[in-house]
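Convention: sequence-line order gives letters A, B, ...; per-chain numbering from 1. Bear in mind the structure is a predicted one, so any value in this text is a computation, not a measurement.
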2 protein chains.
Amino acid sequence: MIPNNTSSSANYDADSSSVGESVAPSLAPTFSPLYQQIKGLITQSLQSGEWKPGELIPSEMELATRFKVSQGTVRKAIDELSAENLVVRRQGKGTFVATHHEAKSQFRFLRLVPDNGERNHPENRILEVKRVRAPAEVARRLEMKSGETVVFIKRVQSFGGVPTILEELWLPGVIFKGLTMERLNEYKGPMYALFESEFGTHMIRAEEELRAVNADQDIAQSLGIEVGQALLSVERISFTYGDKAVELRRGLYLTNAHHYRNELS
Amino acid sequence: MIPNNTSSSANYDADSSSVGESVAPSLAPTFSPLYQQIKGLITQSLQSGEWKPGELIPSEMELATRFKVSQGTVRKAIDELSAENLVVRRQGKGTFVATHHEAKSQFRFLRLVPDNGERNHPENRILEVKRVRAPAEVARRLEMKSGETVVFIKRVQSFGGVPTILEELWLPGVIFKGLTMERLNEYKGPMYALFESEFGTHMIRAEEELRAVNADQDIAQSLGIEVGQALLSVERISFTYGDKAVELRRGLYLTNAHHYRNELS
DNA sequence: CAGTGGTCTAGACCACGCT
DNA sequence: GCGTGGTCTAGACCACTGC
C-alpha cells in the first residue's frame, strides 16, 4: 500500500499504487505526497472506528513504523489532521481523536454570542420529534433519495429564560434510528455529543448560509416576538468523515441581545 | 537578535533576548520557539514595508543565512505566515507578499454570494465622503482618541443593477489623508486594493458581527425596499499588521437573492 | 540549466505529563 | 525516568519556473 523506500533518501518513485483518490477516467495519475497518503490512511482508521472519539491514537513513532515512513512524514500528516480538528495533540500525552464531549468544543458550531458578557449554555425545549419521508429539498441537500425516511426535530433554545433560537432539524433516518423526544430531553449537553456517543456520527465540518427574514405569525408566537420582527436565518449542512452530509438544520436567531460572530482571514 | 547556535544540534539556550512580545511586567520570560521568533522578524519586515505587497521576498535559503538558522526553521515560519495569508508561496518562483490586487483575493472579505450562479463584482455608488470627529463608539472600536478625525464614507453596492448593500465606513483620518469621493469613484476594483496601493495599508484580518434588523424609512429609501424589510447587518472591524484596527464598517445586506456564506470547521 | 519551493529522511535535544 | 509530542538541524532529491 505504501511505496517501498529502499534507498536512503527521498522517493517519489512512480511506484505501484499511490493510494489514489477515487477511480476517475485515468490518464491523470495525480500522485500525492507520501504524507497525504498517510493522512488518508489515518482518516480511514478514524472513519472505520478503529480509534473512537476521545481515544488515544498510536504515537507518531508507532505509526511511522506501521506505515514504514519516517516520523517526520507521519508528523506532517497529523499536523494537517490537527489543523482540521479531526485530532487533538497534547504534548507529553499523545494524539487523541477529536470529540464533542469537551469544554473547548462546546461552542465550536454555535456562533451566536451575547452582546455583553459570558457565553452560557442554552436551555433546550424540544417541541416535536417525528419520522417523515424526506421532502425533495431536504433529500437533495442531504444527498438522499427522495422519499427516504428522515427524523424531523423542532426545538426552541433560550438564554436566561429568553427564547432566542427556533430550530428545525432533518437527520437521515437510517443513521439516527432510536432518536426520540425522550432521549433528546433527558440528554444534557451539546446535541453533537449525543450524536457522537449514541449514533456513532461525529460532525467534523459544516456549511452555513445566512439570511435576514421577517417573522411570520407562527414563528412570532413560538419565540414570543412581534410579527415582522427581523430574524437571522441560519441554514446549516453538517458533514461527517468522508464529507458525507448527515444533518440539515434551519435556525431562526433572535439578535436583539446576541450576534453571530465571524472571523475573516 | 537571534540566539547563537554554536554547536551542531538543537538549541533552546536560555540566551539573551528572545524577541519578546511587548513589555509586560517581566517575571514571565515566555520563551518562544525559534521559528516563532523568525516569523516575528519576517512580520516586522512586512510591516515596515521592506517588502511591499506583491513583491518577492528573499528565498528560504537567503533568510536562513540572514537569520543564522536552518532552512527548515525558516520554512516553518513561512508556513504559518502563508496559512495566515500574509504571504503566498509559488513553487519554482518564490514567496510573495500577499496583495489585494489579485483575482484570488477579490472575494476574500465579501461573504455575500448570489443564491444561484456566479459571483459578479458589485457596482459601486458613493453617496458621501466627509471628514468628521470620531463619535465615541467609533473611536472606541478603532482604538482612537475620541475626537480625532475619521473619514466617513457611505455607499451603495448593486448586483446586476439591484441595490443590495448599503454601507457606512469609518477610517482613521491620519492614515487615509487624501481620500476623496473622486478618488473612490475613479477607482475600479476592490476598495482594499485601493487602500493598499494609495495609503500603504494592507488589511490582513477582520472580525464581523452579524444581526438581523428591520429597515427604517431612510434605509428603505436608499435600497428601494419596503420599510420593515429584514436586512442582514454586518459590522466589521479590519486589522492591518500588528493587529492594529484601521477600519470600521457597517453594511446592511439585502438577502432576497443572496446569502452570507460561512464555513465552520 | 540554475534557482525556487515541496517532500522526505535521520538524528538530536527540549518540554511536558505521568508514574 | 520514560514516553509523548515539539523543535531544530543537515542533507538529499523532486517538481516547477524561467532563462
Measure all distances between protein nitrogen or oxygen atoms and nitrogen or oxygen atoms of nucleotides 17-19 of chain C, and list the pairs falling under 3.5 Å.
unit_1 : atom_1 : unit_2  : atom_2 : d
C:dC18 : OP1    : A:Lys93 : NZ     : 3.4

Query raised in the report: At what distance, to the nearest 0.5 angstrom, does CZ of A:Phe239 lie from CD of A:Glu247?
Result: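 CD of A:Glu247 is found 10.5 Å from CZ of A:Phe239.
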
**Report entry** DNA chain C contacts among residues 72-80 of chain B, heavy-atom distance under 4.0 Å
**Finding:**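 Here the set is B:Arg75.
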
Which residues satisfy the side-chain hydrogen bond (donor to acceptor under 3.5 Å, both in side chains) test with [X], sequence neighbours excluded?
| X | answer |
| --- | --- |
| B:Glu235 | B:Arg141 |
| A:Asp115 | A:His259, B:Arg211 |
| B:Asn262 | A:Tyr260, A:Asn262, B:Arg111 |
| B:His101 | B:Ser197 |

Query raised in the report: With respect to the phosphate group of D:dT4, does any side-chain polar atom (N or O) of A:Arg89 fall under 4.0 Å of OP1 or OP2?
Result: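 No, A:Arg89 has no side-chain N/O under 4.0 Å of OP1/OP2 on D:dT4.
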
Requested in this report: Quickly work out the B:Leu34 CG to C:dA15 C1' distance and round it to whole Å.
Outcome: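 These atoms are roughly 15 Å apart.
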
Report task. Please state how far atom CD in B:Gln71 lies from atom C1' in D:dC8, giving the value in whole angstrom units. Result ->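 Rounded to the whole Å, the gap is 13 Å.
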
Query raised in the report: What side-chain hydrogen bond (donor to acceptor under 3.5 Å, both in side chains) pairs are there with at least one residue in residues 91-100 of chain B, not counting sequence neighbours?
Result: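 Qualifying pairs: B:Thr99-B:Glu196.
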
**Report entry** Pairing residues for A:Leu56 by the side chain to side chain contact (heavy atoms under 4.5 Å, CB included) criterion, not counting sequence neighbours
**Finding:**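 For A:Leu56 the side chain to side chain contact (heavy atoms under 4.5 Å, CB included) partners, ignoring immediate neighbours, are A:Phe96.
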
Query raised in the report: Taking only residues at least two apart or on different chains, which pairs with a member in residues 39-61 of chain B satisfy salt bridge (Lys or Arg N to Asp or Glu O under 4.0 Å)?
Result: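 Every salt bridge (Lys or Arg N to Asp or Glu O under 4.0 Å) pair that includes a residue of residues 39-61 of chain B, provided the two are not neighbours, is B:Lys39-B:Glu80, B:Lys39-B:Glu84, B:Glu50-B:Arg66, B:Glu60-B:Arg75, B:Glu60-B:Arg89.
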
Query raised in the report: So which nucleotide from C:dG5, D:dC8, D:dG6 ends up closest to the side chain of B:Pro33?
Result: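 Closest nucleotide among those given: D:dC8.
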
**Report entry** Shortest side-chain distance from A:Ser59, nucleotide among C:dG5, C:dT9, D:dG5
**Finding:**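 Among C:dG5, C:dT9, D:dG5, the one nearest the side chain of A:Ser59 is D:dG5.
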
